[in-house]
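No hydrogens, no waters, no symmetry mates; every other heavy atom, side chains included, goes into these values.
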Amino acid sequence: MGISILGAGCCLPQQEVDNHAFESFIETSDEWITTRTGIHCRRISDGILTYQMGAEAARQALENANTSPEEIDMVIATTVTADATTPSLACLAAAEVGIHTAPCMDLNAACTGFVYALDVAEKYLRTDSAKKILIISAEMMSRIVNFKDRSSCVLFGDGAAAVVVGPSDKLYQSWLACNLDGRYKIFSKATNSENPFRQNDFDWPEEVAHMQPGLMEMAGNDVYRFATQAMPEAVQRCCEKAGLAPEQLDRIIPHQANLRIIRTAMKHLGLPEEKVHINIQHYGNISSACIPLSLCEMQRAGELHPGDKICLVGFGSGLTYGAAVLEW
Ligand code: ACO
C-alpha cells in the first residue's frame, strides 16, 4: 500500500521583495545574490500570520481534493516559525478551515519537515488509523531572519502550502536521516520569560552561547557542503529502497535553498536539470513549505501526470535530510 496526494494548495504573502530592496540596508547587490544563490525575489509577510497562510493553503488543498473539513482525520503542520509556542500551528490553521475535532500536531524537522510529515501520515494511513490527512507546511522565515546578517537574510522568504493525502495502491517509499554533528549549524534559540528564580545565564554550548534568542544563525559554507552530499545520498538511498534507479524518476522536487546546491546535487546524481522543479528565483527558501509549494505549482501547471514517479528531497536544520519517492 502507498499513498496518494489527493489535492494541493498554496498561499504566499502579497508583498514581493526583490534583491535591490536589500541594497539600502546591507552591503549587497542584486548581482551577488543572483549569481551566488539564484534568488531574484521573495515574498515577505506584511502582517499575515503563519497560520493564516497555512489556513488559506489548506482551504485550497481541501477544495482541490474534493474533501470537506469533516473528512479530515488528522492534521499535521510543519513549521519552524509558528505564531505561538502553544497551541500548535496545526490547531490554529485547522480551526480556521472548519476542522473541529481531528487530532492536530506540529512537526519540526526544519526544511525537511514536509518529507518527514508525509512519512508520518503514511504510517497512519497504512495502519488504517486515518483515511485522509491534511498536511500544512507554513513558514514566516522573516520572523527569525536577522536582517543585519547579509549572508543569511537574502536567502529566505515566507509562504505556505498544503496537501490532502489518502491511502492508495501507488508506489511510496521514504528514506529519512539526520546528521546530528551539524546540530548547531543552523540555530535559533527560543526566547524565555523573566524568571525570579534563575540567577545564572543558561549553560548553552560554546557554539551557540553568543546567539541572540529568536534570531537564526547559519554556518552557510558548512551547510552548503552538507547539502550537496546529503541530497544525492537521500535520493539514491530512497530509490534503492523503492527498487528504482534515479534515472527512472520522472521529476525531482528538491528543497529550494540555493540554485547552486540543487545543480551540484543533480550533477552528482547524473540527472538532467529538465527533470528538476526550480522556483527559488521567485520565492527564496521558505523552509518546509518549499516542497509542497512546488507540488502545488506543478499540479496547477499540469506538469504532473498520473503514473509519474516523483522524488521529493530535502535537508535542513538538525541537520535533517531525507527523500520520498511516490507515484503521482
Ligand atoms: N552580499 C554580498 N556579499 C556577501 C553576501 C551578500 N548577501 N553574503 C555574504 N557575502 C560575502 C561574504 O561576506 C564573503 O566575503 P569575504 O570573502 O570578503 O569574506 C563572500 O561574500 C563570499 O562568502 P561565502 O560565504 O563564501 O559565499 P558563498 O558563495 O558560499 O555563498 C551562501 C554563501 C549563499 C550562504 C551559501 O554558502 C549557501 O547557500 N549555503 C547554504 C545555506 C542554506 O542552504 N541554508 C538553508 C538551510 S535550510 C534550513 O533549515 C534553514
Side-chain angles (χ1 to χ4, degrees), residues 1-8 65 76 78 107 109 111-133 135 137 163-179 226-256 261-278 288 290-292 294-299 302-316 318-328:
M1 201 209 89
I3 54 174
S4 268
I5 293 180
L6 306 171
I76 307 174
T78 73
L107 184 157
C111 305
T112 325
F114 181 78
V115 180
Y116 271 56
L118 202 59
D119 207 49
V120 173
E122 189 258 348
K123 306 298 176 259
Y124 275 91
L125 295 169
R126 183 147 52 91
T127 54
D128 216 16
S129 309
K131 292 262 179 273
K132 285 187 180 178
I133 297 181
I135 302 176
S137 299
V163 298
V164 177
V165 284
S168 80
D169 49 15
K170 291 181 180 175
L171 168 74
Y172 172 84
Q173 194 53 260
S174 63
W175 184 83
L176 306 181
C178 270
N179 178 341
F226 164 74
T228 51
Q229 69 78 27
M231 293 227 286
E233 182 190 356
V235 173
Q236 255 152 359
R237 290 205 185 220
C238 191
C239 282
E240 225 169 85
K241 279 179 80 182
L244 290 174
E247 307 82 68
Q248 291 175 275
L249 296 168
D250 296 298
R251 299 304 303 260
I252 319 277
I253 304 179
H255 174 50
Q256 312 278 319
I261 292 177
I262 297 173
R263 287 192 167 144
T264 307
M266 293 311 129
K267 216 158 135 194
H268 285 323
L269 285 163
L271 296 177
E273 205 168 303
E274 310 87 78
K275 287 196 176 185
V276 187
H277 186 74
I278 294 171
S288 69
C290 284
I291 291 175
S294 292
L295 279 172
C296 177
E297 275 191 341
M298 292 169 82
Q299 189 201 30
E303 287 180 36
L304 295 169
H305 311 102
D308 278 357
K309 291 182 183 62
I310 61 176
C311 179
L312 318 178
V313 56
F315 68 92
L319 295 165
T320 60
Y321 62 122
V325 170
L326 52 106
E327 208 178 316
W328 190 253

- prompt: Between I253 and V313, is any pair of side-chain heavy atoms under 4.5 Å apart?
  reply: no

- line: Output for pair (L319 CG, F226 CZ), nearest 0.5 Å, gives 4.5 Å

message: With a 4.5 Å cut-off on side-chain heavy atoms, are S4 and E327 touching?
response: no

- request: Compare every heavy atom of F315 with every heavy atom of H255, then report the nearest pair and how far apart it is.
  value: CD2-O, 3.4 Å

message: Is any side-chain heavy atom of L326 closer than 4.5 Å to one of L171?
response: no

- prompt: Okay, side chain of K170, backbone of G307: is any donor-acceptor separation there less than 3.5 Å?
  reply: no

- request: Start with the C-alpha gap between Y172 and V325, add the side-chain angles, then the distance that decides, and say whether side chain to side chain contact (heavy atoms under 4.5 Å, CB included) holds.
  value: CA-CA 6 Å; Y172 172 84; V325 170; over 6 Å; no

query: Near Y124 OH, under 6.0 Å, is it more than 12 heavy atoms from other residues, nucleotides or ligands?
result: no

Close side-chain approach of V276 and L271, heavy atoms under 4.5 Å: no

Give every donor-acceptor pair under 3.5 Å between a side-chain atom in residues 227-237 and any protein atom, sequence neighbours left out.
{"residue": "T228", "atom": "OG1", "partner": "Y224", "partner atom": "O", "Å": "3.2"}
{"residue": "T228", "atom": "OG1", "partner": "R225", "partner atom": "O", "Å": "2.9"}
{"residue": "E233", "atom": "OE1", "partner": "Y321", "partner atom": "OH", "Å": "3.1"}
{"residue": "E233", "atom": "OE2", "partner": "R237", "partner atom": "NE", "Å": "3.1"}
{"residue": "E233", "atom": "OE2", "partner": "R237", "partner atom": "NH2", "Å": "3.4"}

T320 side-chain N/O to A109 backbone N/O, donor-acceptor pair under 3.5 Å: yes

- prompt: Between L118 and I135, is any pair of side-chain heavy atoms under 4.5 Å apart?
  reply: yes

message: Check whether D119 reaches the backbone of Y116 with its side chain - one donor and one acceptor, N or O, closer than 3.5 Å.
response: no

- request: Keeping the roles fixed (side chain from Q248, backbone from A245), state whether a donor-acceptor pair exists under 3.5 Å.
  value: yes

- request: Mind checking the CG-SG spacing from L312 to C290? Nearest 0.5 Å is all I need.
  value: 12.5 Å

query: Which atom names give the shortest non-hydrogen contact between I262 and Q256, and what distance separates them?
result: CD1-OE1, 3.7 Å

message: Looking at K275, is its backbone amide N or carbonyl O close enough to the side chain of R251 to form a donor-acceptor pair, meaning the two atoms are under 3.5 Å apart?
response: yes

- prompt: Just how far is it from atom CD of Q299 to atom OG of S294, taken to the nearest 0.5 Å?
  reply: 13.0 Å

statement: Note: G113 and L107 closest approach over all heavy atoms is O-CD2, 3.9 Å

message: Counting C-beta onward and ignoring hydrogens, is there a side-chain heavy-atom pair between L249 and I252 closer than 4.5 Å?
response: yes

query: Are L6 and V165 close enough that some pair of their side-chain heavy atoms sits under 4.5 Å apart?
result: no

- request: Flag the pair V120 / I133 as yes when at least one side-chain heavy-atom distance between them is below 4.5 Å, and no otherwise.
  value: no

S288 side-chain N/O to T78 backbone N/O, donor-acceptor pair under 3.5 Å: yes

query: Is the NZ atom of K123 crowded by more than 12 outside heavy atoms at less than 6.0 Å?
result: yes

query: Just by distance, do the side chain of D250 and the backbone of K309 share a donor-acceptor pair under 3.5 Å?
result: yes

statement: From the list L125, I3, D128, side-chain contact (heavy atoms from CB on, under 4.5 Å) with P167 holds only for L125

- prompt: Is the side chain of H277 donor-acceptor paired with the backbone N or O of E274 at a distance under 3.5 Å, no angle test?
  reply: no

